[in-house]
**Q** 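Got a structure here, written out as structure tokens. Questions coming.
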2 protein chains.
Amino acid sequence: MMTTRQNQPGSRSKGRVTLSDVARMSGVSAMTVSRALNEPQRVSEQVRERVAQAVDALGYVPNRAARSLAGNRSYTIAVVIPSVSNAVFNNVIRGIYDVCAPAGYEMLMGNTYYSVQQESSLISKFLTHHPDGMIVTGLDMAESTRRQLEAAAIPVVQIMEVGGSAPLDMNVGISHSEAGAAMARYMLERGYRRIGVLGAQMDYRSQRRIQGFIDVLMGAGRADDKRVLTTSEPSTVCLGGQLLADLLLRNPDLDAVFCCNDDLAYGAIYECQRRHIRVPQQLAIAGFNDLEGSACINPSLTSIQTPLYDIGKTAAQMMMRRLAGEVLQQPVVDLGFRLQARDSA
Amino acid sequence: MMTTRQNQPGSRSKGRVTLSDVARMSGVSAMTVSRALNEPQRVSEQVRERVAQAVDALGYVPNRAARSLAGNRSYTIAVVIPSVSNAVFNNVIRGIYDVCAPAGYEMLMGNTYYSVQQESSLISKFLTHHPDGMIVTGLDMAESTRRQLEAAAIPVVQIMEVGGSAPLDMNVGISHSEAGAAMARYMLERGYRRIGVLGAQMDYRSQRRIQGFIDVLMGAGRADDKRVLTTSEPSTVCLGGQLLADLLLRNPDLDAVFCCNDDLAYGAIYECQRRHIRVPQQLAIAGFNDLEGSACINPSLTSIQTPLYDIGKTAAQMMMRRLAGEVLQQPVVDLGFRLQARDSA
DNA sequence: AATATAAATTTTAGCGCTAACATTACGCCG
DNA sequence: CGGCGTAATGTTAGCGCTAAAATTTATATT
């Protein structure tokens, strides 16, 4: 049970342990305590120890707001992604985290839910934290947001895709149209000829994947608009099954389907199981992103493996270098992808 | 391309637009601008408008650090969960967000990855932000962390489970042991007799689910240690298949398996598909959490539906009421669960 | 019109920390 | 042993905002 004084939020605090309390107890100035905590190598060992003891004894917790205000630096990187819950971005986030945390940076994370409006308002909100840098997903954003970011004059890394619109500052990702094209070439090589396409969410990257895929089919004289089914609804496993059902209704003769992400592909495979359609013999299915479950579904799913962790890690590393004052020779990095062939296509 | 002045981080800022710039331009005092932005009903309409214009013209972005420092309140709620990428917690987070965002609160989120150590260090880190409140997962935590939270003297809501250890402050969730027990009773009622149990991750809540399940089996004289297989490895779909394979090796006569979460259950179903074991005729399978995909896998998965969104929403509402100074009559809320019977068991 | 009351606004004083500069202590050399 | 460079510590001032108190202005009441 909570027994003690509850700080009155919204009143002038008293009784909070501050740097000067620690300073008083350890018999040095506040500034020295600050240095003992943030640049320990700059104070003598005995001071370092006395300060550590005082911090412990008093239960001192530094106040980031004060630090940020005084230091004109927040030690915070804002990360703007469509959805933290998405397994795709989770890997990216780990990559960012593994670089930021050891460097003493916090991450401020938020979801856009694939909406340009939500992205704009989220970025506005994040700017009030005065982050030292920002990592945002994708190359496309509202013009006003672009201006806001330029006005903020902080380093920005755009992640996930390269080669779409011109980047604002730094850029790390893969070419989604090339990845889509690679999948199309693979399917054609394997002998599939009546190839369908399923897409949901239809953010810019899904669109580019599908465009790249279709362009290759077109080049081979195998494109057919009737075989492409997309929706702006959020992508779910169940939706994959429904979309496949729709698509087959209009194209009973399909011999393969490219799903613009693995979730849809799972749903499509489930639908085939229910209809006793043998995959890949009667219908081949491929996905995109190569999520954890793709290796163990039946049949195992052919997909495009994207370097998610490395995208996050590289983006954060570039950010750190920029924050250290370095001028990057290569502000745009294409990390490439790998086609993971398995049993489903 | 970034053209303009890059703020030197770590130097005294100049040239940032501040409240007083807005005040000067709109011909009122800084304090009035502050009120115009934060309590608009307390200033005259014309001032409100002039301020809005000046904010627009100057591109003013408030500085949260300054606000937090001056106001002794951060408008931040720290949220400590095992893994943001987990679909389970995603729903909880949405519930929290839907209450916090309209109330003007930010969420500071972090993962413990089911580790008590990581939880401790995360909470320490979060306390440096001086959040106005904290929402943490589960009832169990390191004793030192418990003391830290008490010393911080902020409202705390522990979420996900009720009825385990005594709560620190407020508490919202379900009883995992009761939920496990309910599943066991259901399986016994359906006539299953040689029932196995699979568990991974084995955080406290998984343990309680399994314990509740086994207690009921025991009461019915159907418990058997050999039929329980658990691991502390993180739970994944693929692991579910491997664990089932192991379990069947030692217990070829099983007629049902309870998986302590849906991911494992998916893997178990896949493994059955590969082995041509008919579910549920030869082997029934049940999961826990009722994730999105559980309704459309083949066969559809019997699971325990937990009120994830409502847990988050309720927790945040209790937090808001507490921050408004209210004394809660009911600091512990059990939201209950529902057994979702489907085809797999 | 005088007074009481409420509403709108300003003034003052800091929140807790760190950048920049100032000072002191210490070792080392000629 | 004085002078000098370096390392260690201290002093000053202020980051941008808001709580609280003080003041001015508008509105109601008699």
Side-chain angles (χ1 to χ4, degrees), chain A residues 7-24 26-51 55 58-76 104 127-130 132, chain B residues 7-24 26-51 55 58-76 104 127-130 132:
Chain A
N7 274 322
Q8 299 292 86
S11 64
R12 283 272 135 88
S13 83
K14 295 284 158 213
R16 191 117 85 191
V17 179
T18 73
L19 246 204
S20 1
D21 295 328
V22 177
R24 203 169 310 118
S26 35
V28 294
S29 72
M31 194 62 231
T32 300
V33 176
S34 171
R35 273 195 283 258
L37 296 175
N38 298 311
E39 304 167 280
Q41 76 288 355
R42 286 196 46 194
V43 303
S44 68
E45 196 175 333
Q46 62 160 338
V47 166
R48 203 154 55 224
E49 242 164 59
R50 262 190 297 152
V51 167
V55 164
L58 296 169
Y60 168 69
V61 177
N63 184 327
R64 286 184 75 88
R67 175 148 116 114
S68 168
L69 187 58
N72 190 34
R73 139 197 276 167
S74 59
Y75 285 99
T76 298
L127 285 178
T128 70
H129 287 267
H130 290 277
D132 295 341
Chain B
N7 274 322
Q8 299 294 82
S11 64
R12 283 273 136 90
S13 83
K14 295 287 160 207
R16 193 115 86 189
V17 180
T18 74
L19 248 203
S20 1
D21 295 328
V22 177
R24 205 169 308 119
S26 37
V28 294
S29 73
M31 194 61 231
T32 301
V33 176
S34 171
R35 271 196 285 262
L37 296 174
N38 298 313
E39 304 168 279
Q41 76 287 355
R42 285 194 49 194
V43 303
S44 67
E45 196 177 332
Q46 61 160 340
V47 165
R48 202 154 54 224
E49 242 164 59
R50 260 188 299 151
V51 167
V55 165
L58 295 170
Y60 169 68
V61 177
N63 185 326
R64 287 184 75 89
R67 175 147 115 114
S68 168
L69 185 58
N72 190 32
R73 137 199 278 166
S74 60
Y75 285 101
T76 299
L127 285 177
T128 69
H129 287 265
H130 289 278
D132 295 340

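A note on names: the letters A, B, ... follow the listed sequences, proteins ahead of strands, and every chain is numbered from 1.
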**Q** Quick one: is B:S34 getting a side-chain N or O under 4.0 Å of the D:dC17 phosphate, OP1 or OP2?
**A** no

**Q** Are OP1 or OP2 of C:dT10 and a side-chain N or O of B:S29 less than 4.0 angstrom apart?
**A** yes

**Q** What is the distance, to the nearest angstrom, from the OH atom on B:Y75 to the P atom on C:dC15?
**A** 19 Å

**Q** Among residues 58-68 of chain A, which residues get a heavy atom nearer than 4.0 Å to DNA chain C?
**A** A:Y60, A:P62, A:N63, A:A66, A:R67

**Q** What is the separation between atom CZ on A:R50 and atom P on D:dA8, rounded to the nearest whole Å?
**A** 14 Å

**Q** Would you indicate what B:T18 reaches in the nucleic acid, counting non-hydrogen atoms under 4.0 angstrom: base, sugar-phosphate, or nothing?
**A** sugar-phosphate

**Q** Which atom pair, heavy atoms only, marks the closest approach of A:V55 to A:V22?
**A** CG2-CG1, 3.9 Å

**Q** Check DNA chain D for consecutive Watson-Crick or G-U pairs with both distances under 3.5 Å and list the runs of at least three as stems.
**A** C:1-30 with D:1-30

**Q** Tell me, please, which residues at least two apart from B:T76 pass side-chain hydrogen bond (donor to acceptor under 3.5 Å, both in side chains).
**A** none

**Q** How many Å lie between CZ on B:R35 and C1' on C:dA7, as a whole number?
**A** 11 Å

**Q** Within this structure, what is the CG-to-P distance between A:L37 and C:dT18, rounded to whole angstrom?
**A** 8 Å

**Q** Find the distance B:L69:CG to D:dG16:C1' and express it as a whole number of Å.
**A** 9 Å

**Q** Please report the distance, rounded to the nearest Å, between CG in B:N72 and P in D:dA20.
**A** 10 Å

**Q** Name every residue in residues 40-49 of chain A that has at least one heavy atom under 4.0 Å from any atom of DNA chain C, in order of residue number, or write none if there are no such residues.
**A** none

**Q** Please determine, for the side chain of B:A30, which listed nucleotide (D:dC15, D:dG10, D:dT18) has the closest atom?
**A** D:dT18

**Q** Sequence neighbours excluded, which residues qualify as ring pair (Phe, Tyr, Trp, His ring centres under 6.0 Å) partners of B:Y60?
**A** none

**Q** Distance-only, no hydrogens or angles: does the A:S26 side chain make a donor-acceptor pair with backbone N or O of A:V28 under 3.5 Å?
**A** no

**Q** Name every donor-acceptor pair, under 3.5 Å, that has one atom in a side chain of residues 31-39 of chain A and the other anywhere in the protein, sequence neighbours excluded.
**A**
from	atom 1	to	atom 2	distance (Å)
A:T32	OG1	A:S29	OG	3.1
A:N38	OD1	A:R67	NH1	3.4
A:N38	ND2	A:S34	O	3.2

**Q** Between atom CG of B:L58 and atom CG of B:L19, what is the distance when rounded to the nearest 0.5 Å?
**A** 11.0 Å

**Q** Between C:dT9 atom C1' and B:E39 atom CD, what is the distance in whole Å?
**A** 13 Å

**Q** First locate atom NE2 of B:H130, then atom CG of B:L69, and finally report the distance between them rounded to the nearest 0.5 Å.
**A** 9.5 Å

**Q** For B:S74, is there any backbone N or O sitting under 3.5 Å from a side-chain donor or acceptor partner on B:R64?
**A** yes

**Q** CE of A:M31 versus C1' of C:dA22: gap in Å, rounded?
**A** 13 Å

**Q** Among side-chain atoms of B:R16 and B:N63, is any donor-acceptor pair under 3.5 angstrom?
**A** no

**Q** Between A:R48 and A:V43 (side chain of the first, backbone of the second, donor and acceptor by atom type, cut-off under 3.5 Å), is there such a pair?
**A** yes

